[in-house]
Protein chains: 2
Amino acid sequence: MSEDTRTKLLAGALEALVRNGIAKTSARSIAAAAGVNQGLVFYHFGSVDELLAAACRYGAEQRVAHYRPRFAEVRSFAELVRLGRDLHAEERDAGHVATLAQLLAGAQTRSWLAPATAAGLELWAAELEKVLERVVPGTPIEGLVDTRGLARALASGFIGLELYEGVDHEGAERALEALERLGDLVAVLDDLGPVTRRAVRARLRGAAGGTQGRSSARPPASPGGDGGEAPAAP
Amino acid sequence: MSEDTRTKLLAGALEALVRNGIAKTSARSIAAAAGVNQGLVFYHFGSVDELLAAACRYGAEQRVAHYRPRFAEVRSFAELVRLGRDLHAEERDAGHVATLAQLLAGAQTRSWLAPATAAGLELWAAELEKVLERVVPGTPIEGLVDTRGLARALASGFIGLELYEGVDHEGAERALEALERLGDLVAVLDDLGPVTRRAVRARLRGAAGGTQGRSSARPPASPGGDGGEAPAAP
DNA sequence: GTCTATACATGGATAGAC
DNA sequence: GTCTATCCATGTATAGAC
């Protein structure tokens with residue numbers, strides 16, 4: 001069946017990316033991982049790059065769907081950081097974290113891949129944005145920081161941390177630890193009550209001068225969270 | 001002269017990475033960029049991977065040295081975020097931002113590259129750490145967040161943002177905007193005076209429970225800053 | 001739809017001339 | 001130290017048999 005072989009190739013492409021990296025992912029290595037003939041890559045997808053683009057969407061959708069229920073449960077910034085750490089640990093073993101990073105690296109110079117990888121990251125960012133919109137109201141940054149922009153910063157920052165993890169496990173752990181501490185701090189800021197919040201916001205309006213956020217976002221912990229709370233690669 | 005050719009090859013390797021990405025960077029493409037013969041890659045460095053590892057250190061040292069004076073001038077978190085944006089803009093045009101990301105992606109599956117890329121990122125992280133140690137004292141997170149870990153989170157997060165920039169320029173700009181707003185917020189928090197700081201720290205000690213930072217770090221803005229304030233790739 | 005065979009290009013690496 | 005020539009492996013893509 002064609003559907004079956006297509007799916008095998010999509011999964012094989014992701015596996016080849018995990019095992020070989022973008023540099024050594026070829027029609028042959030994908031076909032080997034998929035257990036099918038090499039020529040079928042071109043029959044079904046036309047070229048290796050088109051298969052990779054399709055695999056990117058496929059993988060991201062799968063992974064995001066898997067974590068969606070857990071994103072939906074997040075009710076505070078501290079919980080988001082914790083989900084980030086869990087996701088990091090779980091996806092790392094399966095190697096899924098690496099694939100989006102590999103595709104992003106490849107997309108820098110292969111224009112075919114850019115839209116697909118941007119869409120893949122977008123799926124994660126959209127989940128994060130939903131969380132932020134739930135979590136931000138009531139915090140000092142409500143109305144000051146663009147939720148959409150912050151979600152994208154967190155998602156892409158997380159990708160960077162995953163790449164770092166691949167070359168320095170201990171360093172990455174320490175980085176995640178630091179972000180978790182920042183998460184604690186944010187939780188405390190939320191607790192300080194409306195007086196402080198109002199003071200912060202009054203100063204911000206006066207001092208910040210420049211652009212102000214469009215929708216809403218969250219305080220400090222979130223930034224550091226870029227590495228800690230964003231979702232993993234597909 | 002041998003030194004001359006070696007240097008040409010190092011520069012050629014970086015150029016090839018920018019133009020072709022890790023996937024299409026080969027002894028031949030490097031030699032072409034360097035304007036020398038392909039066989040010299042193997043004569044001088046033994047293999048392509050070893051040349052790439054050397055080029056990684058070479059490029060990172062060059063770039064970090066170039067920005068070191070500006071890092072040294074940073075006196076507040078807001079200034080750090082601003083330097084991050086400047087660095088992002090300047091390095092992007094030269095394509096330097098991309099090389100460390102490409103090497104990191106390659107290092108995930110080519111063990112030869114891992115130590116070299118980790119060292120390259122380390123150079124940037126070390127600069128960031130010095131800044132943090134200057135900027136953190138007096139903020140609520142002093143003594144609560146590990147400066148070293150935070151510096152690494154920011155550096156690697158920045159890499160992720162640079163990769164994102166390559167596939168979605170507008171999205172990345174929006175992400176940077178959001179991080180800058182967070183930077184403003186941190187500045188305000190610093191302004192709120194010792195009363196708030198003390199309240200925050202008292203709560204943190206009670207609530208956070210788990211691990212507490214070893215040296216020092218900074219508040220929220222810093223986290224988001226991962227994308228905005230960390231240094232660019234070499 | 002799938003596999004085998006095959007063409008042609010590119011890349012890693014070495015030998016030997018200069 | 002550097003260049004040319006060359007070998008062999010790997011990769012893209014297509015044609016044609018099943």
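By convention in this document, chain letters (A, B, ...) are assigned in the order of the sequence lines, proteins followed by strands, and residues within each chain are numbered from 1.
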Could you tell me whether the side chain of Arg134(A) and the main chain of Val74(A) form a donor-acceptor pair under 3.5 Å?
yes
Which residues pass the side chain to side chain donor-acceptor pair (under 3.5 Å) test with Lys130(A), not counting sequence neighbours?
Glu127(A)
Take atom NZ of Lys8(B) and atom P of dG1(D), then tell me their distance rounded to the nearest Å.
14 Å
Under 3.5 Å, is there a donor-acceptor pair linking the side chains of Glu165(A) and His88(A)?
yes
Can you see which heavy atom on Leu161(B) is nearest to which on Ser156(A), and at what distance?
CG-OG, 3.6 Å
Quick one: Leu9(A) CG to dC3(C) P, roughly how many Å, whole number?
10 Å
Which parts of nucleotides 9-15 of chain C does protein reach within less than 4.0 Å, heavy atoms only, written one letter per nucleotide 5' to 3' as B for base, S for sugar-phosphate only and - for none?
--BBBB-
Are there any protein N/O atoms within less than 3.5 Å of an N/O atom in nucleotides 16-18 of chain C, and if so, which ones and at what distance?
none

Nearest-0.5 Å distance that lies between atom CG in Leu121(B) and atom OH in Tyr164(A):
6.0 Å
N/O donor-acceptor pair under 3.5 Å between Arg28(A) side chain and Thr25(A) backbone
no
With side chain to side chain donor-acceptor pair (under 3.5 Å) as the test, would you mind laying out the steps for Gln102(A) and Thr99(A) before giving the verdict?
CA-CA 5 Å; Gln102(A) 292 294 325; Thr99(A) 57; over 6 Å; no
Arg85(B) side chain to Val81(B) main-chain N or O, any donor-acceptor pair under 3.5 Å?
no
